Structure formats: C-alpha cells, structure tokens
Amino acid sequence: MSIQDKLAKEVKNAVEKLHQVILPDVELQTTRKEFEGDLTVVVFPMLRQVKTNPVKLGESIGDYLQENVKEVAKYNVVKGFLNIVLSDAYFLQDFKTLKDITNYGSVAATEKSDTIMVEYSSPNTNKPLHLGHIRNNLLGYSVAEILKAAGNTVYKTQIINDRGIHICKSMLAWKKFGNQETPETSGLKGDKLVGKYYVKFDQEYKTQIKELEKQGVPEEKAKKEAPLLLEAQKMLQKWEAGDKETVALWEKMNQWVYDGFKKTYAELGVDFDKNYYESDTYLLGKEVVNDGLEKGVFYKKEDGSVWIDLTDEGLDEKIVLRADGTAVYMTQDIGTAIQRVEDYAINGMVYTVGNEQDYHFKVLFLILKKLGFAWAENLYHLSYGMVDLPSGKMKSREGTVVDADDLIKDMTQTAQEIAEDLGKLEAYTKEEKQDLYKIIGLGALKYYILKVDPRKRILFNPEESVDFQGNTGPFIQYTYARIQSILRKVDFDYAAAIENYSLHEKERELLKQIQLYPETVQLAAEQHSPALIANYSYDLVKSFNSFYQNISILGADSMEEKIFRVQLAKTVGKTIKSAFGLLGIEVPERM
RNA sequence: GGUCUCGUAGCUCAGCUGGAUAGAGCACCUGCCUUCUAAGCAGGCGGUCCCAGGUUCGAAUCCUGGCGGGAUCACCA
C-alpha cells in the first residue's frame, strides 16, 4: 500500500474515533514548497460532516496520526491544511527498494494488459518530411513508448498514402521534365527528388492556369481544365486500371521516397513494427461498407452513393462510398482498422494525426462502434496542433516548409558551435564528437517539441534557434552527463543500504521527486501526454542540480553521506535515462 | 453561421479530475568556477490567469454568455 493510501485510511480512522463520523474520502496532496511538510490533508471538506473549526480538527487528526502511524514524524496546521512531515526512516526504507529496481517507473505487461496499436507519421509519398511530420513522429513514438512502460503491449505502425492524384502529379512532372533523373544521377535523396517534381508540377500548372485566364477562361474553369491536371487525372485512371508502364513508374518513384524516408526515420530515431499501404486496404473497407449496408448501419442514396446518418449524435451525414463505387478516405480507414485487429489481436488504437482531422476521427470511431466492434470503445485520436511559421502555414507546394533533414542538420550544427565554444570535448575523436553533437542537437529539438501540450499549436521561428539553456533537452542531458562523471570518480563500494540517517533538506526534496516517477508514467499514459514526462524530467533535474550545487557528494564528511548521495545521484541518472527514453531522446555519458 | 479547440509575466510554456501568497525558462539586473562538468547554482525585476456573470467555505481550474486566435463543416486524402 502506498503511503498516501495508508494515510488516507488512518485519517478516516481518526475522524471516526474522534467524531464518530465516517468520511467518504480524504483529499491528500503534496505539500507546497512554502510550508513544512511532505503530504497535506485538506480539512475543509470534512467540515460538512464534522461541525467544528478547521484548525482544531486538523490538530486532533495530526495528534492521532503522529501517535498511530510510524511514518509520521510530526505535523503542523495552517488554516485548514494539515501538513504531515514523514520520517527519515520512511524515506530511507522506500529508497532502499527503489534504488535497485531495474526498470524503475515501468510496469511489465500481463495477461490483463491492453494490446494497442499506435499509428503515426503516415506520410504522403509525393514529398519529403517536414517539421510537421517531426512533431507527429516524436509524439507518436513517445506515446507508444509511454504506453509500453505503463504495462501495455504496443505495436507501432504507419499508413502510407501511396495512391491518389498527388502521386500522379509528381510522376507526371518527372516524366515530362525529369530527363530520366534518378537519386543516383542527381545526388538527391529519393524523397527530395520526388518532392522536387511535385513542386515543378505545381509551377507548371499555375502557369497554364494563367495562360488560360489570359485567353478569357474564368479562373474556376481554368483550374479544372488545365491540360496538366487533366493529364494527371488520366494517369490516375491508368494506374487504377493497372496499366503496366504507369504502375512500374509508380513503384520506382515510391521506392525512391521510401529509401529517403528510411534515412530520415533513422536520424530521428523512430521505428515501426508494421507498415500499412493505402493501396492494400481500401478494398477491404468497401466490403465492410457493403456488409454494413445490409445491416442497416448505412443507407444508399438514389445516385448509388452510400452514407451514414449521424444527426442523432449531433453530427452530419457522411459519405462512405462514392456513387461510382470507389472508396473515399473514410472507407479506407474503416478497412485499415479492421485489418489491423485481424493481424494483431489488438483491443485499442491510437491515431497520431493533426487536429484538422478531429471531425474525421469522431465520425470514424462512431461508425466502427455502430458496426458493433467491441474494440471501437478503445480508440483514441492523438490530436495535435499544427506547427506554423511566422510567415504562416507550411506549404510544400510553395516551398515554405522547414525540411526535416535540414532541421536535424541545423540543430546538430548549433550543438557543435556551442560545444566548441565551451571547449570541454578536446579529448574526444572526431567521430565521438559528431555523435555527441547529434545527440544534443536532436535532444534540443525533441524536447522543445514534446514539452508542450500536444493540443497547442507551435509557432516555430527558424531565425531564433531552439534554446540549449534552461528548460531544454541539453540542460537535462547535461545533468545526466554530470552524474555519470561523478560515478566514474567513485572509488568506494556504495552498494550497502543506508539506515539511521538524518536527511538533508535537499536530499529529501530529491527523494520525493524520484518517488513521483512511476505515477507520472501512468498519468502520461492515461492522458497520452509526453509533455508530462518532459516536465517531470525538468523538475527532477532542477531538484538534483540544486542538491548538487549546495552540498558536496564525494566531498561529504562521513562515508555514510558519501554512499547515500552517490546512490541518490545514480538513481536520478537512471530515472533521467528512463524518462528521456520514453521521449525518444538519448543521453550522453559526457558533454 | 454550426461544431471543436486554444487564450496565464515582454516572449515560450507549466499549473486546469476546485484548495494555501499563480510557477518555470528566455530576455534584463546582482552575486557564485584554486574543491564532484558554470549547457549550472543562488537571488532580483516582471501577472486585471481574455472579459462578465454563476456554483462553492474556497475558482486560473467547474458552468453559462461574450471577445480574440486556430481548425473543421468536400463524392480531396
């Protein structure tokens, strides 16, 4: 039983004994820094049932606890707040077991655990990844890791949008203007090469529209009738008909893109257990829709299109199959969801997709529920805000994007400049340094993105580079490196548990912070929020640095102190590494 | 217009399942490297928690109504 549960129970006992009143529950919270104490009982709510003054009641409960609970050292009452000071013995005892737990903070999966598939990234195959994808990737990867740590079995996946008119645009432009250029001949990364032709298409398309307008064609009509667009549409039809040449080109160019993505994912440190391709799953969706039509979940309009009526739920009607029988976005997502459950026996899914699709997922989840799937109750749209630039929205077609590869390179470069300025790394080889710069640069970027609430939109200003000081990734990495440095210097055995020890205020603070880790992981999993882990890491590290700067570890007076403080430092290091692992951020042994 | 979402210090953000005097970082100002890594620590400056009502012993937090930003309401994905 946790100390919180134990205290809550004892407070109930106390009130029952002293006032013959049975409390429904007891509110316990961590004591605010300004007051002396570790845990605080809020007395106010009890006044409804116990007619007395809050200070007196608090004091009588405090007396009872001090006498009957061995972990309670003393107490004080301020207004209606009963502040409880826990004994050093309690903290030491707790730390004794905690310091040797290998996966501190994580819970192993059991038979009762959920099996959850986390979808993230899910790019189109016509252009390279940009900053928006980075946010998506980091969030999805991190939430997957957090769910794992919280005791779930997790599969990571992405759905690749490999079909549709947008791919045909790149293909057509390459065919027309590409002169058979390949990643090898151009030296361009595959996804960059394909993206180049996507932009090229748009430029040519716009030129054609202007020319048509000059000839007196209205803008709307020109947009629809530009020869290039018509040609792209024709290409899509050929693709769907299985035209050999078109399919071969499609395969070739998609492969270029996959090769490019592979590199970016590796740089970012994210991975997938399974890829799904839209071109594979959209047909299954159609079958399911037809089944649902028989069951009466959907209905057919006169023109043959299939719809679902969600007006009872406060939503609109939504199309699930076109009049010509072809699949829409929704059809494919229905099919994909069902395919996944068949493949992996999952009972829950997390979709990491931008908040512009809130409505889509609301509808998707409702449809799956109406189709009667039990697992539909356990679907979650991890919706996140867009990443905008000071100039506004990022648009691939207009070239106003922060490219993922470029950004990673820039961050590494900045890390290098700062490190060279500080000049602490002279002793290392070129390769070691380069690795370190990447770890730090990526640490800065990942932390910067993950520390904010996913729902909020991020304004990213490339001019003001991401910080490396204060509440940042490098700050936390630095503390980790510093701890490792201390551990390397230790020349005595520090395995023995310390008892009968009087805790320093800073040690006590730090211990309390360490104790919070497991519940933070659980909360982060419940809320699908890496930000909670990031903020926890920061608080822990602040606590440690204050401890580190104020009292000496290796220079402590007694051996007992030295041993205990080294144990503390080591445990903090372990916790930082674990927490950053959940964020997908590496920690360096030195920096 | 309907729906969803965000609004906290000059800037970036915590806090939001109601609790004490609203917290960090950046920026600005003061101190601290002959002793464990100063990417650090200690401190100062800085707030009508968008506004107005309501519920409550108690509201940044919950409810209602405004205001402002964003998203969405396609036989696009």
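In this text, all values refer to a predicted model and were calculated from it rather than measured experimentally. Labels below follow one simple rule: chain letters A, B, ... track the order of the sequence lines, proteins then strands, and each chain is numbered from 1.
- Considering only side-chain N and O atoms, A/R457 lies nowhere under 4.0 angstrom from the phosphate OP1 or OP2 of B/G7.
- The residue among A/Y448 and A/L532 whose nearest nucleotide of RNA chain B is located toward the 5' end is A/Y448.
- Of the residues near RNA chain B, A/P454 and A/M330, the one whose nearest nucleotide (by heavy atom distance) lies more toward the 5' end is A/P454.
- Picking from B/G40, B/C36, B/A42 the nucleotide with the shortest atom distance to the side chain of A/K489 gives B/C36.
- A straight line from CE of A/M46 to P of B/G19 spans 16 Å, rounded to a whole angstrom.
- Using the six-membered ring where Trp is involved, A/H130 and A/H133 have ring planes that are tilted, between 30° and 60° apart.
- With both ends at atom P, the span from B/C50 to B/U61 equals 8 Å, rounded to whole Å.
- Applying the 4.0 Å criterion to OP1 and OP2 of B/A71, one finds that A/R455 has every side-chain N and O outside that range.
- Across all strands, A/I551 comes closer than 4.0 Å to base atoms (heavy-atom distances).
- Among the atoms of the strands shown, base atoms are found under 4.0 Å from some heavy atom of A/I440.
- For A/Y329, the side-chain atoms get nearest to B/A77 when compared with the rest of B/C41, B/A14, B/A77.
- Looking at A/T40, its side chain comes within 3.5 Å of the base of B/A20 through a donor and an acceptor atom.
- Comparing B/C41, B/U37, B/C36 by their closest approach to the side chain of A/S546 singles out B/C41.
- If you measure from atom CE of A/M386 to atom C1' of B/G70, you get 10 Å, rounded to the nearest angstrom.
- Counting to the nearest Å, the C1' atom of B/A39 and the CD1 atom of A/I439 are 15 Å from each other.
- Among A/Y75, A/F44, A/F35, the single residue meeting the ring pair (Phe, Tyr, Trp, His ring centres under 6.0 Å) criterion with A/F81 is A/F44.
- For B/A39, one of the phosphate oxygens OP1 or OP2 lies less than 4.0 angstrom from a side-chain nitrogen or oxygen of A/Y478.
- We find that the ring of A/Y538 and the base of B/A24 do not stack by the test of centres under 5.5 angstrom and planes tilted less than 30°.
- B/A38 is unpaired under the criterion used here, namely a Watson-Crick or G-U wobble arrangement in which both key atom distances are under 3.5 Å.
- When ring centroids are compared, A/Y538 and A/F475 come within the 6.0 Å threshold.
- Nearest nucleotide to the A/R488 side chain, out of B/A77, B/U37, B/A14: B/U37.
- No hydrogens or angles were tested; on distance alone, a donor-acceptor pair under 3.5 Å links the side chain of A/N83 to the base of B/A20.
- Look at A/K451 and you won't find any side-chain N or O under 4.0 angstrom from OP1 or OP2 of B/C26.
- Listed pair A/K456 / B/G69 fails the phosphate criterion, with no side-chain N or O lying under 4.0 Å from OP1 or OP2.
- The C1' atoms of B/G47 and B/U34 are separated by 44 Å, rounded to the nearest whole Å.
- With B/G40, B/A42, B/U72 as the choices, the nucleotide that has an atom nearest any side-chain atom of A/Q469 turns out to be B/G40.
- Rounded to whole Å, the distance from CG on A/D388 to P on B/G69 is 15 Å.
- Here B/U55 sits opposite no nucleotide as a Watson-Crick or G-U wobble pair (both hydrogen-bonding atom distances under 3.5 Å).
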ask   = What's the verdict on side chain to side chain contact (heavy atoms under 4.5 Å, CB included) for A/H166 and A/K127, showing C-alpha distance, side-chain angles and the deciding distance?
value = CA-CA 9 Å; A/H166 48 283; A/K127 54 196 173 208; over 6 Å; no
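- Side-chain atoms of A/E278 lie closest to B/A77 of the nucleotides B/A77, B/C41, B/A14.
- Taking atom C1' in both B/A9 and B/G46, the straight-line distance is 6 Å, to the nearest Å.
- Between the side-chain ring of A/F44 and the base of B/G19, a stacking contact exists by the 5.5 Å and 30° definition.
- Between B/C41, B/U21, B/C4, one nucleotide has an atom nearer to the side chain of A/K79 than all others, and that is B/U21.
- Here the side chain of A/R32 is nearest to one of B/C41, B/A77, B/G23, namely B/G23.
- Here A/I319 lies in heavy-atom contact (under 4.0 Å) with a base.
- Using C1' as the reference atom, B/G15 and B/G54 are 24 Å apart when rounded to the nearest Å.
- Between the CG atom of A/D467 and the P atom of B/G25 there is a distance of 12 Å, given to the nearest Å.
- An anti base is found at B/C63: its glycosidic angle is more than 90° from 0.
- The two residues A/V328 and A/T331 make their nearest non-hydrogen contact at N-OG1, 2.8 Å.
- Rounding to whole angstrom units, CG of residue A/D453 and C1' of B/A24 are separated by 16 Å.
- Counting non-hydrogen atoms under 4.0 angstrom, A/V452 reaches the backbone sugars and phosphates but no base.
- When both distances must be under 3.5 Å, the Watson-Crick or G-U wobble mate of B/G43 is B/C29.
- A ring-centre distance under 6.0 Å is not found for A/F261 and A/Y258.
- In this structure, the nucleotide among B/U37, B/U72, B/A77 sitting nearest to the side chain of A/E356 is B/U72.
- Neither OP1 nor OP2 of B/A38 sits under 4.0 Å from any side-chain N or O of A/K424.
- For the 3.5 Å distance criterion, the side chains of A/D333 and A/H360 qualify, holding a donor opposite an acceptor.
- At a threshold of 4.0 angstrom between heavy atoms, the contacts of A/Y359 are confined to the sugar-phosphate backbone, with no base atom among them.
- One can place NE2 of A/H360 at 14 Å from P of B/U72, the figure rounded to the nearest angstrom.
- In this entry the distance linking CD1 of A/I553 with C1' of B/C41 reads 14 Å, nearest Å.
- Among the protein residues, A/P54 comes within range of no part of the nucleic acid, since none of its heavy atoms lies under 4.0 Å from any strand.
- Counting only heavy atoms from C-beta on, A/K542 has its side chain closest to B/C41 among B/C41, B/A39, B/G19.
- Here the separation of B/U30 from B/A22, taken at their C1' atoms, is 25 Å to the nearest Å.
- Residues A/D467 and A/Y448 have side chains that never bring a donor and an acceptor to within less than 3.5 angstrom of each other.
- For B/A60 and B/G69, the P atoms lie 26 Å apart once the distance is rounded to whole Å.
- Within 4.0 Å (heavy atoms only), A/F81 reaches at least one base atom of the nucleic acid.
- Side-chain atoms of A/T31 and A/D38 form no donor-acceptor pair, as typed in the model, at a separation below 3.5 Å.
- Here the shortest heavy-atom pairing between A/L425 and A/A419 reads CD1-CB, 3.9 Å.
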